[in-house]
Each structure stands twice: as C-alpha cells, then as structure tokens.
2 protein chains.
Amino acid sequence: MVTQIRPTSLASEAFDRVVAAITSGEFEPGEKLSEADLARRLNVSRGPVREALQRLEGRLVSRVPHIGVRVIQFGKEELKELFYLREAMEGMAARLAATNGSDRWLKSLEELLEKHRSAIRSGGGRIYRQKSADEDFHFAIANASGCRNIKRLLLGEVYYQLRIHRLRSSSQPGRAEAALQDHREILQQLKNRDPEGAEAAMRRHIQAARESAIAALESAAATRELAEVN
Amino acid sequence: MVTQIRPTSLASEAFDRVVAAITSGEFEPGEKLSEADLARRLNVSRGPVREALQRLEGRLVSRVPHIGVRVIQFGKEELKELFYLREAMEGMAARLAATNGSDRWLKSLEELLEKHRSAIRSGGGRIYRQKSADEDFHFAIANASGCRNIKRLLLGEVYYQLRIHRLRSSSQPGRAEAALQDHREILQQLKNRDPEGAEAAMRRHIQAARESAIAALESAAATRELAEVN
DNA sequence: ACATCCAGAACTGTCAACAGTTGACGGATC
DNA sequence: GATCCGTCAACTGTTGACAGTTCTGGATGT
C-alpha cells in the first residue's frame, strides 16, 4: 500500500523540535531562546525558526519586541489559571461528548480505562505511565466532543503547558488511582448519555487534579528550600 | 502624565490592518489572501505580512502549505462551536469574577449597563450600537476574572470570530433588550458574590445568544435563497 | 568603592533574491 | 469532443545580508 507523502516544511520541523525540547526539559523555564542560536543548531536559516517561535507565542514562550523569546515561567498562579481553563473547556467537551460520542467510541473508551487499570496494578510505583494515560483519556473526550475549536485549543494551548508542569513536579501518592476512579465515573455518565452529569463529573475530576497539582508544586518548593539550607 | 512609548513593528502594524480588513468585511469569507499582494498594498516586504498571517492562523484565516491562506468560512456548525466555547470560557470567567471583582469594579459595571440602557432607549432601531456594547460587557467580565489565559483566548480567538459573524447577519428583533436583561441578571449574581449563580446566568445568556445567532443566520440564508429565485 | 558612560558584540526586525511548488492554459493525442 | 500532458506564470518557502536595537564589559570620573 502506498503511504501518503506528507508535505512538511522546515518551519513545522523546527516547531516540533522546539516543542519537544521545551516539554522534555531541555530548556529551562525562563531561559532565553535565541533565533540565531537555534537556527545554527537546527541547521536552517532564521526564517523557519522565527515562524516556529511565533507559533509558540503565548503557549510555551513569551515574546518581547526587540529582545526575544523566553520559555514561559510556570508558577502557582499560572498553574491555577491553566486548571480553570481546563475545567471550563473539558467540562464542555464532556458535555458534548455525552451527546455526540458513538456507542463504538464509548466501548473503546472503556477498553482504554481497562488498560490503564492493569497498567496501574502492575506498574505499582511507576506513576509516570499514568500521566500520558491521563492525557489519552482527556484527549479522547476532546476528540469526541466534535467541537473543533475546543479540541484545537486543548491540544495547542492547554496540554503543552500541562506537560511543562508535569515535567517538574511529580504526582501526589495515590493520585493515579484516584484519577482512574474519576475517569470511570466520567465514563459512566457518558454511557448514561447524561450531558449534565458528564460535565459535572469532569469538572470535579479537574478540580481534584488542580488541588493535587498545587499540593505537588508546594511540596516540591518546600523540598527545594530544604535543599538550599543544607 | 507621560504616556507609554509603544514599541511597534511593521509586523504588528500589518496584523492590525489585516484584522481590521477582515472584520470590516473588506475580504470575503473564503477569499484567498496573497502574501505578495498584501505586501505590495501595505508597502512592506513579505516578511512582516507573513508574520501577521501566521498569527491569524486558526483565528481568522486557515493556512494550507504551499497554497496560502484563506479567510475562514463561517457556517452554522462553526457558529455553534464558537458559542459552545464561549459558554464554557465566559461561564468560568463570570464564576471567577464573582470572587475576584472589586466593589469598585462592580460599580463601574453597573454604570456601563446604565449607559447601555439609555442607549437602547434612545437608539430605538439602531441595534448596532448594542453589539459593541455587548462586547464591552463581556470584555469587562473576562478582564475581572483575573484569569489571563481565558482573557487572552477570548480576546484573541473568540471575539475576532464573533465579529466576522456579526458583520454578516443582523440581530433578531428585541435581542438587544433581552441581552440587557440578561446582563442585569449576571450583574446581580456578581453583586451577590455568588460564583455558582454568576456562571449559571452567564451560560444561560450565551445559550440564548446562540439560539438567536443561529436563527439570524438561518433567516439570512432564507432571504438569500429568496433573492436568488427572483 | 561605586555609579556612569561608551564602544563593540550579539541579537532582532526587515528586506530582496532564489528555489521549489501549485494551478491554469493550450496544444497534442486518442 | 474529451482527456492527457507539458509549459509557464504566480505564488509560497527559504535564504543570506543589512539596519537598528539591546546587552555586555571595561574605562572613566566622582
């Protein structure tokens, strides 16, 4: 079978590389990114790099005229705001998915949760796996909402930023199990075809995730302070 | 008082011009925008124009590699999705504003509504005024939410698209008055410092606006068809 | 010791030219 | 007459160079 020739460009390539570098921690939050330097490293001219950085503006980097771009800082306030936005958008996504999701899709979602369950069982301490699993679940719902707007913003704005945060603070103990339970509850409401209930369940889940994330952030800050004293 | 020196650039200038041109109807939905042509008209090189069009991608234009950008098409589905997104984000904004808005801000919001009331009274048929007035009200709440994420997305994504729609379909009769009544209700909930109530009121308001907008779109389509027959 | 000032380096904003792609037109073929 | 194919103009993607700005470090003066 012939596979499609994907029309790519240096700019998209550069975009992917920079995103990967930031979300994998290669660049620190607050670090300045030089167009010229990036262009040299990627072995392209400044044009495509410039385009890549422009696309990231407001998402992963902030840009100041005549000075350049920096990787965004991600403090407690920013984290809170990110979760407020998530709660709003994903709540609506769940509401819409309760109506628009097909029976076949519901089945596949159930199978996804089953996979997560056994992954947690066997994985034990390896919470990391759950992080991308969590993302899978939420992505599936954004997808099924049928609302391209919401899907685009969740993928292009929210999840990128979330990955930055996850990179630097580990989950609270027991969070994976709690999240799975929340996911089950959401699935149940979706199966009931109850938009109201699905939105409510999703919002409770994200509120809980927010509390957990903030607690994790604060405990990480406390640990760092302790380390500085010693 | 000294006023801030705004560091501007040809790219931002081009961005503003293109936004103005699209939201004022100078370019039709679906029309192709040529970088070279725009650059000639604006008397700059293609670089800044390219940057401006990139910033508009997904917001007011869609971009296809090697082909170019087109002004977005705005049909019934897109309109619905826009209002779902609005409902989610502005509902959350109202919720947050109920907690974060200062008493002084509440007072200024009340005065804003008073101005709108007298504008509608005296304006009579001139509904157009109410359109930007409506935007003022919603902007004020997004602002008071304190959530920079939501504010940025509402200003940069939602309201631009909304303006495109408003340009091409007039309000339903009596919509301005109904909207003002909704706004009053929202203000009351904000004054009560009731996050739950403020969100609910805002969501009802935007749901009503959605119904009205869709009805307006359909009646406009019906009128066009009638015109084609004759 | 400290603040100020001033070159030079490095960087961003902009431009004009080149390379590769797309879509359209017109002639050749069946 | 319809279809296919090659040619060509126009456009987008990319590049390297230039202009103007910001940052840096050392020299200068207090």
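Per chain, numbering begins at 1; letters A, B, ... match sequence-line order.
- When rounded to the nearest whole Å, the span between CG of B/Leu38 and P of D/dT12 equals 9 Å.
- For DNA chain C, no neighbouring residue in residues 55-62 of chain A is found when judged by any heavy atom under 4.0 Å.
- A salt bridge is absent between A/Arg152 and A/Glu157; no separation between the charged side-chain nitrogens and carboxylate oxygens falls under 4.0 Å.
- A search for side-chain contact (heavy atoms from CB on, under 4.5 Å) contacts involving A/Glu211 returns nothing, not counting sequence neighbours.
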Polar pairs (N or O, both sides) under 3.5 Å between protein and nucleotides 8-15 of chain C?
residue	atom	partner	partner atom	Å
C/dT12	OP1	A/Glu35	N	3.4
C/dT12	OP2	A/Glu35	N	3.3
C/dG13	OP1	A/His66	N	3.3
C/dG13	OP2	A/Arg50	NH1	2.5
C/dG13	OP2	A/Arg50	NH2	3.1
C/dG13	N7	A/Arg46	NH2	2.8
C/dG13	O6	A/Arg46	NH1	3.0
C/dT14	OP1	B/Leu10	N	2.5
C/dC15	OP2	B/Ser45	N	3.0
C/dC15	OP2	B/Ser45	OG	2.9
C/dC15	O5'	B/Ser45	OG	3.4

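- For B/Lys107, the salt bridge (charged side-chain N to carboxylate O under 4.0 Å, His left out) criterion is met by B/Glu111, not counting sequence neighbours.
- Not a single side-chain contact (heavy atoms from CB on, under 4.5 Å) links A/Asp16 to another residue, sequence neighbours left out.
- Contacts of A/Phe137 classified as ring-ring contact (aromatic ring centres under 6.0 Å, His included), with partners at least two apart in sequence or in another chain: A/His183.
- By the salt bridge (charged side-chain N to carboxylate O under 4.0 Å, His left out) test, B/Glu26 pairs with no residue at all, sequence neighbours left out.
- For A/Arg210, the salt bridge (charged side-chain N to carboxylate O under 4.0 Å, His left out) test picks out A/Glu87, with sequence neighbours left out.
- Evaluation of the side-chain contact (heavy atoms from CB on, under 4.5 Å) rule for B/Asn100 yields B/Leu96 as partners, not counting sequence neighbours.
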